[in-house]
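Below: one structure, written as structure tokens.
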Amino acid sequence: MLFENVSIAGLAHIDAPHTLTSLEINERLKPTFERLRIRADMLGDIAGVHARRLWDPGTQASDGAGMAARRVLEQTGVRADQLGMVINTSVSRDYLEPSTAAIVSGKLGVGDRCITFDIANACLAFVNGMDMAARLIEVGDVQYALIVDAETSNLVYEKTIERLSRPDVTAEEVKNELAALTTGSGAAAMLLCHRSLAPDAPRYRGAVTRSANQFSHLCLGNLDRMVTDTRSLLIEGIRLAEKTFKAASEQFGWKVEDLAQFVIHQVSQPHTKAFIKTLAIEPTKVMTIFGEFGNIGPASVPIVLSKLNELGRLKKGDRIGLMGIGSGLNCSMAEVVW
């Protein structure tokens, strides 16, 4: 579906305050690496993740999402009681129930007619949330919709390092769980609205999604553990991205040279290089943050978009591709016209 009446009224992000370097992790896991004769710096040299951010102890997903939400409401001057919808898209969550969106909405003080719920779809959920909200905005059912995401990787680091420090851990277990140590923490919020309320704001045109769910077993994650077949995930993910890009090009009339920026879900160095090469993208059009912030899950796309905006690298009329591959496998590509 192509949207004509959906504007991005505001966009904000929060960087988690504490830095954990790969050198620190390597030092903690040094006895394991020496025993298993693992000499390569798999996090820094291979994955390209040299650092990542963590929250203060005890910070929950709703806390980070709430900070980002308040920032975007202050930025736009929109009141919480004007919101018709709040969607949380975090992989991290406070509880299985209630929804994290409900907790965030309670903290913000939204009205009793505001629709609140979570969308879970691994690293694609934020783009899915944008698309869901846009459909209701396009037909006039909702005027303002807030999409939030906050990822908290503190627990997975604590538990993964604890498991990989066991004296009986195997090289296979290290390989399978290493991707968990590339994750990061952070938060983002985007306020969508009907175009009549922000006629000069950037416009959201829509998204295209393709799936290859026969590969749903390649990355299995809980809040405290993630097991990943990184090689197969990369191969099948890029194959799916190629198919999705073809569909997006047909839907939006894309030519690679016409897009000013490609906002790619931040996974790792090999993933980014393969993505750029496969789609023949000019590398200077891809801002990367995974080296210092890690993989912040579904928050990474809006965080990069927000950072580009802060740096003044988005100009009026720029066509921007939002692109991500998520465990499942699913792939979404969307267009924003700044």
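Residues Leu197 and Met85 are members of separate hydrophobic clusters, defined by side-chain heavy-atom contacts under 4.5 angstrom among Ile, Leu, Val, Met, Phe, Trp and Tyr. Linking Ile, Leu, Val, Met, Phe, Trp and Tyr whenever their side-chain heavy atoms come within less than 4.5 Å leaves Leu223 and Val104 in two separate clusters.
Side chain of Tyr157 to backbone of Leu54: no donor-acceptor contact under 3.5 angstrom is found. A donor-acceptor pair under 3.5 Å is absent between the side-chain atoms of Asp224 and the main chain of Lys159, judged by distance alone. The backbone N or O of Asp229 sits nowhere less than 3.5 Å from a side-chain atom of Ser232 that would complete a donor-acceptor pair. The backbone N or O of Thr170 lies less than 3.5 Å from a partner atom in the side chain of Glu173, making a donor-acceptor pair. Without hydrogens or angle criteria, Ser153 side chain to Val156 main chain gives no donor-acceptor distance under 3.5 Å. For Gln143 (side chain) and Gln82 (main-chain N/O), no donor-acceptor pair under 3.5 Å exists by modelled atom type. Here the side chain of Thr182 pairs a donor or acceptor atom with the backbone of Ala179 at under 3.5 angstrom. The closest donor-acceptor contact from the side chain of Glu138 to the backbone of Glu4 lies under 3.5 Å.
Of all heavy-atom pairs between Thr19 and Ala51, the closest is CG2-CB, 3.8 Å. Nearest heavy atoms, Thr89 versus Gly129: CG2-CA, 4.4 Å. The nearest pair of heavy atoms linking Val336 to Pro202 is CG1-CB, 4.3 Å. Here the shortest heavy-atom pairing between Ala189 and Val148 reads CB-CG1, 4.0 Å. Of all heavy-atom pairs between Thr21 and Arg52, the closest is C-NH1, 3.3 Å. Residues Met333 and Ala241 share a closest heavy-atom pair of CE-O, 3.3 Å.
Taking CG of Asn121 as the reference point, atom CZ of Phe126 lies at 14.0 Å (rounded to 0.5 Å). In this structure, Leu322 CG and Leu124 CG are separated by 11.5 Å, a value rounded to the nearest 0.5 Å. To the nearest 0.5 angstrom, His13 atom NE2 is 13.5 Å from Asp149 atom CG. Residue Asp81 holds its CG atom at 11.0 Å from CG of Leu108, rounded to the nearest 0.5 Å.
Looking at Glu282 and Thr284, their side chains do bring a donor and an acceptor atom within 3.5 Å of each other. There is a side-chain donor-acceptor pair under 3.5 Å between Thr160 and Arg163.
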Which pairs would a plain distance check flag for residues 245-256, meaning a side-chain donor or acceptor within less than 3.5 Å of a matching protein atom at least two apart in sequence or in another chain?
residue	atom	partner	partner atom	Å
Ser249	OG	Phe245	O	2.8
Trp254	NE1	Glu335	OE1	2.7

Using residues 286-299 as the side-chain source, report each donor-acceptor pair under 3.5 Å to any protein atom, sequence neighbours left out, with the distance given to one decimal.
residue	atom	partner	partner atom	Å
Asn295	OD1	His265	NE2	3.4
Asn295	OD1	Gly297	N	2.9

Using atom types as modelled, flag every donor-acceptor pair under 3.5 Å from a side chain in residues 39-48 to any protein atom, sequence neighbours excluded.
residue	atom	partner	partner atom	Å
Asp41	OD1	Asn26	ND2	3.1
Asp41	OD1	Leu43	N	3.4
Asp41	OD1	Gly44	N	3.0

Using side-chain contact (heavy atoms from CB on, under 4.5 Å), reason through Phe117 and Asn88 one step at a time and then give a plain yes or no. CA-CA 6 Å; Phe117 58 91; Asn88 172 71; over 6 Å; no
Might you work through the side-chain contact (heavy atoms from CB on, under 4.5 Å) test for Met323 and Val263, ending with a clear yes or no? CA-CA 6 Å; Met323 303 178 172; Val263 179; over 6 Å; no
Between Thr100 and Ser90, is a side-chain hydrogen bond (donor to acceptor under 3.5 Å, both in side chains) present by the stated rule, with each step listed? CA-CA 8 Å; Thr100 303; Ser90 310; over 6 Å; no
Give the intermediate values and the outcome of side-chain contact (heavy atoms from CB on, under 4.5 Å) for residues Ile8 and Arg203. CA-CA 6 Å; Ile8 300 176; Arg203 191 158 65 89; over 6 Å; no
Hey, mind stepping through Leu233 and Phe215 against side-chain contact (heavy atoms from CB on, under 4.5 Å) and telling me if it holds? CA-CA 8 Å; Leu233 194 66; Phe215 300 114; over 6 Å; no
After noting the C-alpha distance and the side-chain angles of Thr152 and Asn154, does the key distance pass the side-chain hydrogen bond (donor to acceptor under 3.5 Å, both in side chains) rule? CA-CA 6 Å; Thr152 60; Asn154 296 48; 6.0 Å; no
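Taking a cutoff of 4.0 Å between a charged side-chain nitrogen and a carboxylate oxygen, Arg313 and Asp318 do not qualify as a salt bridge. Salt bridge status for Asp15 with Lys307: present, with a side-chain N to carboxylate O gap under 4.0 Å. With respect to Glu242 and Arg239, no salt bridge is recorded, no charged nitrogen being found less than 4.0 Å from a carboxylate O.
Within 6.0 Å of atom CZ in Arg35, more than 12 heavy atoms from other residues, nucleotides or ligands are found, so the atom counts as buried in its surroundings. Lys175 NZ: 12 or fewer foreign heavy atoms inside a 6.0 Å radius. For Glu97, the CD atom sits in a loose shell: 12 or fewer heavy atoms of surrounding residues, nucleotides or ligands are nearer than 6.0 Å.
Val337 is not listed as a side-chain neighbour of Tyr204, based on a closest heavy-atom distance of 4.5 Å or more. Considering only heavy atoms from C-beta on, Lys285 stays 4.5 Å or farther from Leu259 through its side chain. Side chains of Val6 and Arg195 form no contact here, defined as non-hydrogen atoms less than 4.5 Å apart. Proximity of Trp338 to Asn309: side-chain heavy atoms (C-beta onward) are separated by under 4.5 Å at one or more points.
The only member of Ile87, Val86, Val78 that meets side-chain contact (heavy atoms from CB on, under 4.5 Å) when paired with Leu146 is Val86.
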